[in-house]
*Asks:* 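Can you read through this structure? Questions will come right after.
Chain letters run A, B, ... following the sequence lines, proteins first, then strands; residues in each count from 1.
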Protein chains: 2
Amino acid sequence: MATTRDRQLVEQWRSIQDSYFRTAGAIDRALEAKFDIGLNEFEILDLVAESTDAACRMKSLGERTPMTQSAVSKVVDRLEKAGLVSRQTCADDRRSLFLELTDAGRALHESAAVEHRALLKENLG
Amino acid sequence: MATTRDRQLVEQWRSIQDSYFRTAGAIDRALEAKFDIGLNEFEILDLVAESTDAACRMKSLGERTPMTQSAVSKVVDRLEKAGLVSRQTCADDRRSLFLELTDAGRALHESAAVEHRALLKENLG
DNA sequence: CCAAGCTATATGACACGTCATTGAATGACA
DNA sequence: TGTCATTCAATGACGTGTCATATAGCTTGG
């Protein structure tokens with residue numbers, strides 16, 4: 001039974017999807033073009049950049065993004081390969097790692113964040 | 001320069017991401033578990049189901065979802081393999097195809113739509 | 001202090017989406 | 001009508017995400 005309430009829900013959902021994909025797509029393409037990193041890479045970079053504590057963070061990153069633990073691990077692989085972050089072993093728990101921006105990483109993050117914020121503003125109104 | 005406006009934007013964006021992924025994820029897992037189709041498959045099924053005209057529709061589907069043309073093509077592959085839709089050649093333009101639900105497709109769509117709507121209501125409030 | 005279980009991260013197999021390209025059909029225009 | 005550009009859909013190569021599992025280190029109860 002297709003109620004009008006159902007139709008409303010579906011319309012609402014499609015509009016969410018649409019604006020989500022448009023925004024994410026625009027940011028992703030812009031970052032890719034100008035800084036050669038994808039949106040997920042940037043978002044991890046952004047999380048690392050805003051972490052002030054020296055805590056062990058691979059774990060805590062996982063809690064602050066919808067990405068899977070293994071997705072985070074692979075994104076960090078790429079960031080590390082690109083020389084933007086480095087994994088530091090953690091003295092008090094040797095299973096854990098924490099991440100540090102390299103100088104290159106910090107520099108790139110600063111420019112990319114400007115772009116990111118601008119596109120958010122443009123797309124979220 | 002990180003303004004508080006920037007922080008607001010970022011918070012807003014993360015909250016959108018979060019609710020988008022939670023909703024999409026919940027629906028996807030439920031449909032996968034109960035009907036053995038993913039969210040994208042369902043959404044194409046849903047679009048086909050609500051198309052009344054007998055127009056050639058592969059094309060028009062592409063305009064009603066954020067999916068790529070090639071993504072749509074592959075989703076339809078899977079739906080066809082699963083016996084839920086069939087591709088019909090189009091007399092007035094032989095490049096085009098239109099899609100039809102099979103009986104199985106219609107039946108599955110009816111049950112799955114109930115679940116889909118329920119989860120939307122639950123997640124979109 | 002050892003065994004059993006738990007936690008943090010990495011990895012391999014696999015599924016799916018994207019981009020670029022192809023093939024086929026159509027349209028447009030000299 | 002013959003050429004050239006355009007449009008619709010399919011496909012292959014490739015990147016990245018997920019799930020299940022592996023590995024290593026920590027923890028706890030006997």
*Asks:* Could you state the CG-P distance from B:Leu97 to C:dG23, rounded to the nearest angstrom?
*Replies:* 18 Å
*Asks:* Check nucleotides 19-22 of chain C for protein N or O atoms closer than 3.5 Å to its own N or O atoms and list the pairs.
*Replies:*
{"unit_1": "C:dC19", "atom_1": "N4", "unit_2": "B:Ser70", "atom_2": "OG", "d": "3.1"}

*Asks:* Quick one: B:Arg57 CZ to D:dA9 P, roughly how many Å, whole number?
*Replies:*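 Value for this atom pair: 11 Å.
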*Asks:* Run the salt-bridge test on B:Asp46 and B:Arg64 with the 4.0 Å N-O cut-off and return the result as yes or no.
*Replies:*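 No, B:Asp46 and B:Arg64 are not salt-bridged.
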*Asks:* Please list, in numerical order, the residues of residues 32-48 of chain B that have a heavy atom closer than 4.0 Å to any atom of DNA chain D.
*Replies:*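 None, since no heavy atom is under 4.0 Å.
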*Asks:* For A:Thr23, give me all partners under side chain to side chain contact (heavy atoms under 4.5 Å, CB included), at least two apart in sequence or on another chain.
*Replies:* A:Ile27, A:Leu120, A:Asn123, A:Leu124, B:Trp13
*Asks:* Residues of residues 16-25 of chain B with any non-hydrogen atom less than 4.0 angstrom from an atom of DNA chain D: list those, numerically ordered, please.
*Replies:* none
*Asks:* Taking side chain to side chain contact (heavy atoms under 4.5 Å, CB included) as the test, write out the residues that go with A:Glu122, two or more places apart.
*Replies:*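 Per chain and number, A:Glu122 pairs via side chain to side chain contact (heavy atoms under 4.5 Å, CB included) with A:Leu119.
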*Asks:* Please collect all salt bridge (charged side-chain N to carboxylate O under 4.0 Å, His left out) contacts where either partner lies in residues 102-116 of chain A, sequence neighbours excluded, each pair once.
*Replies:*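 Passing the test, one end in residues 102-116 of chain A: A:Lys34-A:Glu115.
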*Asks:* With sequence neighbours left out, what residues match A:Ala104 under side chain to side chain contact (heavy atoms under 4.5 Å, CB included)?
*Replies:*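 If we apply the side chain to side chain contact (heavy atoms under 4.5 Å, CB included) test to A:Ala104, skipping adjacent residues, the hits are A:Leu84, A:Thr102.
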*Asks:* State which residues pass side chain to side chain contact (heavy atoms under 4.5 Å, CB included) with A:Gln8; sequence neighbours excluded, sorted by chain then number.
*Replies:* A:Arg5
*Asks:* Without decimals, in angstroms, what is the distance between B:Lys59 NZ and D:dT7 P?
*Replies:* 8 Å
*Asks:* Run the salt-bridge test on B:Arg57 and B:Glu50 with the 4.0 Å N-O cut-off and return the result as yes or no.
*Replies:*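 The answer is no: the pair does not qualify as a salt bridge.
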*Asks:* Below 3.5 Å is the cut-off: list the nitrogen or oxygen pairs between protein and nucleotides 26-29 of chain D, distance only.
*Replies:*
{"unit_1": "D:dC26", "atom_1": "OP1", "unit_2": "A:Arg94", "atom_2": "N", "d": "3.0"}
{"unit_1": "D:dC26", "atom_1": "OP2", "unit_2": "A:Arg94", "atom_2": "NH2", "d": "3.2"}

*Asks:* Name all pairs fulfilling the side-chain hydrogen bond (donor to acceptor under 3.5 Å, both in side chains) condition that reach into residues 68-77 of chain B, sequence neighbours left out, sorted by first residue then second.
*Replies:* B:Asp77-B:Arg87
*Asks:* Over how many whole Å does the gap from A:Leu79 atom CG to C:dT9 atom P extend?
*Replies:* 15 Å
*Asks:* What does the 5'-to-3' dot-bracket notation of DNA chain D look like when only Watson-Crick and G-U wobble pairs under 3.5 Å count, and pairs to other strands show as |?
*Replies:* ||||||||||||||||||||||||||||||
*Asks:* Please check this pair: side chain of A:Asp28 against backbone of A:Leu39, looking for a donor-acceptor N/O pair closer than 3.5 Å.
*Replies:* yes
*Asks:* Verify, without hydrogens or angle tests, whether A:Thr65 (side chain) and A:Leu61 (backbone) share a donor-acceptor contact under 3.5 angstrom.
*Replies:*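 Judged by distance alone, no pair lies under 3.5 Å.
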*Asks:* Between A:Pro66 and B:Val72, who's closer to the 5' end of DNA chain D by nearest nucleotide?
*Replies:*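 Its nearest nucleotide being more 5', the pick is B:Val72.
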*Asks:* Holding to ring pair (Phe, Tyr, Trp, His ring centres under 6.0 Å), I want the full list of residues that pass it with A:Phe35, two or more places apart in sequence or in another chain.
*Replies:* none
